[in-house]
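Notes follow once the structure below has been shown.
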There are 2 protein chains.
Amino acid sequence: MPRPSTPLLSPDRIRSVALAIIDRDGLDGLSMRKLAAELGVQAASLYGHVKTKDALLNDVASAILASIDVSGFASGDWRAGLIQCARSYREALASHPNIVPFLAYGPAGREESLNRLDVMHGALVDAGWSRREATMIAAGVMYLVFGAALSSFSSGFSADPADYSGRYPHLDRAHLLPGVARELDRDSFELALAAFVRGL
Amino acid sequence: MPRPSTPLLSPDRIRSVALAIIDRDGLDGLSMRKLAAELGVQAASLYGHVKTKDALLNDVASAILASIDVSGFASGDWRAGLIQCARSYREALASHPNIVPFLAYGPAGREESLNRLDVMHGALVDAGWSRREATMIAAGVMYLVFGAALSSFSSGFSADPADYSGRYPHLDRAHLLPGVARELDRDSFELALAAFVRGL
DNA sequence: ACCTGAACACCGTTCAAGT
DNA sequence: ACCTGAACACCGTTCAAGT
């Protein structure tokens with residue numbers, strides 16, 4: 001049986017199926033063997049297109065980070081720039097929460113991250129902050145974005161009232177949190193971001 | 001050769017060696033086989049004392065979280081309480097940064113976390129915040145603490161000036177960051193926390 | 001050029017067997 | 001009661017071999 005004239009695999013196809021598996025099964029749910037199977041191929045075949053699993057994850061991560069918008073700093077209003085950049089950053093991460101723990105390791109090494117950081121730092125210095133202050137403010141924004149994207153808060157609560165009632169007097173409605181997790185996460189992030197920027 | 005009268009393994013010894021391996025080799029550097037070897041035992045022996053690797057990690061995590069201090073809320077000054085609790089939380093995580101990605105998954109399910117959250121929520125409601133606002137403020141504190149503990153910022157920069165000079169005009173001194181990462185991380189967290197609390 | 005089969009050195013976990 | 005040896009079903013990765 002002749003092979004089809006077009007290759008079965010391409011970097012693009014590998015990346016997109018890998019991301020789909022991560023979104024569906026979690027970061028630990030992605031294995032090279034499972035990825036190969038869903039691509040209709042053997043695991044070894046992947047290594048003709050991808051250097052290592054780690055490099056593949058970095059590619060997937062870069063694709064996600066590429067969508068972040070730093071155009072807000074062009075306005076000259078650094079507060080508005082910070083808020084818009086942070087919001088777009090969090091949205092990009094929130095679309096693929098399972099990959100965030102991987103992203104949290106050394107995003108500073110990625111090209112897109114450095115570009116973004118450079119723009120942010122420049123806007124803050126132009127606004128009169130010292131270089132050190134600009135660095136710390138940028139760090140603070142990252143703390144909020146990654147902390148929020150880890151989704152460690154609203155999700156993770158049990159939906160069973162019995163887990164809270166009686167034992168934790170102030171958490172007697174915590175079982176309702178999973179149902180509103182998404183909007184509560186967004187609102188909590190917006191509140192924290194607004195308070196942070198206002199408090200600077 | 002007779003076995004010693006005292007068992008080789010105990011939950012305490014397993015936990016402390018496991019944490020030492022995580023601190024030294026990272027979260028992925030901990031395997032049941034390596035842990036067993038450092039305890040002078042075969043991998044299978046661990047399962048007489050520990051249910052699964054996941055349960056072991058949860059035990060290690062709980063031991064770390066147990067050291068967090070929420071006594072600051074007793075003063076009646078909710079701002080001071082928030083700052084002191086967040087500071088002690090971050091310090092606990094910063095002592096063992098490699099386990100933070102694991103901790104970020106569902107800390108809300110852990111007993112110590114719920115207790116802490118209950119205290120924090122109660123203090124905020126007592127201060128006049130609505131229940132929803134109290135929930136969002138607590139979430140904001142968690143965002144800052146976990147974002148900062150992930151250490152995704154200062155570390156992760158290269159120590160080689162050539163990686164930045166020329167290409168990123170505002171980052172021409174980024175190669176100095178690794179040398180001051182620890183204090184810069186602390187200062188950045190303090191700045192962000194102060195701004196957040198002030199802006200509320 | 002692109003994919004495969006088999007292999008290597010690992011995993012977490014179980015379980016009958018030893019002392 | 002506590003530990004072991006061997007096994008099972010997985011990993012990421014390499015490499016000679018096939019087409």
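Below, chain A is the first sequence line, B the second, and so on; all start at residue 1.
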A:Arg173 atom CZ, over 12 foreign heavy atoms within 6.0 Å: no
For D:dA6, the Watson-Crick or wobble counterpart (both distances under 3.5 Å): C:dT14
Under 3.5 Å on both distances, the Watson-Crick or G-U partner of C:dA1: D:dT19
Atom-pair distance (CG on A:Leu27; C1' on D:dC11), nearest Å: 14 Å
A:Asp160, CG atom: more than 12 neighbouring heavy atoms under 6.0 Å: yes
Atom pair distance, as rounded to whole Å: CG in B:Asp28 and P in C:dC11: 11 Å
Qualifying residues under side-chain hydrogen bond (donor to acceptor under 3.5 Å, both in side chains), relative to A:Arg132, sequence neighbours excluded: B:Asp187
Phosphate OP1/OP2 of C:dC3: any A:His49 side-chain N/O under 4.0 Å: yes
Between B:Phe146 and B:Tyr89, ring centroids under 6.0 Å: yes
Reading 5' to 3' through nucleotides 12-17 of chain D, protein heavy-atom contacts under 4.0 Å coded B for base, S for sugar-phosphate only, - for none: BBBB--
Gap between atoms CZ and P, on B:Arg13 and D:dC2 respectively (whole Å): 14 Å
Separation of atom CD in B:Gln42 from atom P in D:dA7, rounded to whole Å: 15 Å
Shortest non-hydrogen contact between B:Trp129 and B:Ala134, atoms and distance: CB-N, 4.4 Å
Verify same cluster id: A:Leu184, A:Leu191 (apolar side-chain graph, 4.5 Å): yes
